[in-house]
Amino acid sequence: MSVGAEFLPEFDMEMASARRTLERIPEDKLAWKPHEKSMLLGRLAGHIAELPGMGVSVVKDDALDFANRPAGELQRKPTVAESQKHVLEIFDKNVAALRAGIAGASDEHWGKNWKLSIGERKLYDGTRIGAMRRMVMNHVIHHRAQLGVYLRLNGVAVPSVYGPSADEGR
């Protein structure tokens, strides 16, 4: 089985869980944040929506330097959800593009090096599949869980992800 074929079922499940979480963002709380150091709920939702677009760069390019971002898939201005519909459209577009990239990449391509940096500061330097797992998939999972806390603190039912949540699926 190819690397991409092995990775896609997990990708599909994680992106479906992220989408279910995004579907629940309360539109009247997009400017809410739990702490002064935290992201706004709308920015957190926007970040989750834009992260699969970073995955497109992992598949397509050999490196991403945030100090010199290319125009295109990765916007210079951070995405802030304006509504559920807005953030879901961005998420769905990015997930579809990334899924196609994953499916089309060869095993040799997955083994090639990929770098993430901010100018001279290196954030990641390793295999492309490692970047996809750490910098994209795990990153989405981390922020999806964070959004789950935001939902809970705002009285919104948290969706089931890996099994029943306290709010559903018992």
Side-chain angles (χ1 to χ4, degrees), residues 4 7-8 10-35 37-105 110 114-119 121-126 128-151 154 156 158-159 161:
F7 186 72
L8 279 173
E10 180 182 3
F11 173 81
D12 290 341
M13 289 188 326
E14 296 299 347
M15 294 307 110
S17 293
R19 191 179 202 290
R20 281 194 310 277
T21 306
L22 288 171
E23 288 170 350
R24 298 192 182 196
I25 62 169
E27 292 184 330
D28 63 334
K29 300 283 187 182
L30 297 176
W32 181 87
K33 60 183 180 176
H35 187 273
K37 292 182 180 180
S38 300
M39 281 190 253
L40 298 174
L41 190 149
R43 173 62 190 121
L44 179 57
H47 188 50
I48 294 166
E50 68 195 3
L51 279 170
M54 180 182 170
V56 172
S57 176
V58 171
V59 173
K60 191 173 92 174
D61 303 318
D62 292 332
L64 175 60
D65 180 353
F66 282 124
N68 298 299
R69 278 184 162 188
E73 291 90 8
L74 297 174
Q75 302 171 355
R76 291 186 178 271
K77 185 179 176 190
T79 303
V80 178
E82 298 168 9
S83 66
Q84 287 176 354
K85 182 179 187 277
H86 170 245
V87 79
L88 290 170
E89 285 175 354
I90 293 167
F91 181 77
D92 291 344
K93 176 183 157 242
N94 286 334
V95 167
L98 179 51
R99 191 177 200 293
I102 292 168
W110 285 117
W114 191 83
K115 294 178 187 175
L116 177 65
S117 62
I118 304 172
R121 183 175 164 217
K122 235 183 260 181
L123 302 175
Y124 178 86
D125 187 356
R128 186 171 262 112
I129 190 63
M132 185 62 66
R133 284 209 173 277
R134 179 165 174 73
M135 306 310 298
V136 180
M137 183 88 93
N138 293 354
H139 201 158
V140 169
I141 292 166
H142 163 75
H143 286 303
R144 179 188 69 212
Q146 188 179 16
L147 183 57
V149 172
Y150 281 40
L151 295 177
N154 279 283
V156 177
V158 177
V161 174

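The two atoms that bring Ala45 and Ala81 nearest to each other are CB-CB, 4.1 Å, heavy atoms only. When all heavy atoms of Gly101 and Val59 are compared, the pair lying nearest together is O-CG1, 3.6 Å. A pairwise comparison of heavy atoms in Trp110 and Ile102 identifies CZ2-CA, 3.8 Å as the closest pair. Residues Ile48 and Leu22 approach most closely at CG2-CD1, 3.9 Å, considering heavy atoms. Minimum interatomic distance between Val136 and Gly55 (heavy atoms only, all atoms of both residues): CG2-CA, 3.6 Å. Pro26 and Val156 make their closest contact through CG-CG2, 4.1 Å (heavy atoms, listed as atom of the first residue, atom of the second, distance).
Atom CD1 of Ile25 and atom CG of Leu88 lie 7.0 Å apart (nearest 0.5 Å). From Leu147, atom CG reaches atom CG of Leu44 across 5.0 Å, with rounding to the nearest 0.5 Å. Put simply, OG1 on Thr79 and NE2 on His47 are 10.0 Å apart, with the number rounded to the nearest 0.5 Å. Note that CE of Met135 is 4.5 Å distant from CG of Leu116, once rounded to the nearest 0.5 Å. Remark: Arg134 CZ to Trp114 CH2 distance equals 12.0 Å, nearest 0.5 Å. In this structure, the separation between CG on Leu51 and NE2 on His143 is 6.0 Å, given to the nearest 0.5 Å.
You'll find the side chain of Phe7 reaches within 4.5 Å of the side chain of Met137, heavy atoms only.
Under the side chain to side chain contact (heavy atoms under 4.5 Å, CB included) rule, Met15 has a single partner from Leu98, Val140, Asn94, Asp92, which is Val140. Glu14 pairs in a salt bridge (Lys or Arg N to Asp or Glu O under 4.0 Å) with only one of the listed residues (Arg20, Arg144, Arg99), which is Arg144.
Note on Asp65 versus Lys115: no salt bridge recorded, every NZ/NE/NH1/NH2 to OD/OE distance being 4.0 Å or above. The pair Glu50-Arg43 meets the salt-bridge criterion, with a side-chain N (NZ, NE, NH1 or NH2) lying under 4.0 Å from an Asp/Glu carboxylate O. Under a 4.0 Å N-O distance rule, the pair Arg133/Glu10 qualifies as a salt bridge. A salt bridge is defined here as a Lys NZ or Arg NE, NH1 or NH2 lying under 4.0 Å from an Asp or Glu carboxylate O, and Glu23 with Arg19 meets this definition.
Although no hydrogens or angles enter the test, the distance criterion places a donor-acceptor pair under 3.5 Å between the side chain of Thr21 and the main chain of Ser17. One N or O on the side chain of Glu27 and one on the backbone of Gln84 form a donor-acceptor pair closer than 3.5 Å.
Partners of Glu82 according to the salt bridge (Lys or Arg N to Asp or Glu O under 4.0 Å) rule, which considers only residues two or more places apart in sequence or in another chain, do not exist here.
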(Q) Working note: Met39 + Tyr150, criterion side-chain contact (heavy atoms from CB on, under 4.5 Å); need CA distance, chi angles, decisive distance, verdict. (A) CA-CA 10 Å; Met39 281 190 253; Tyr150 281 40; 4.1 Å; yes
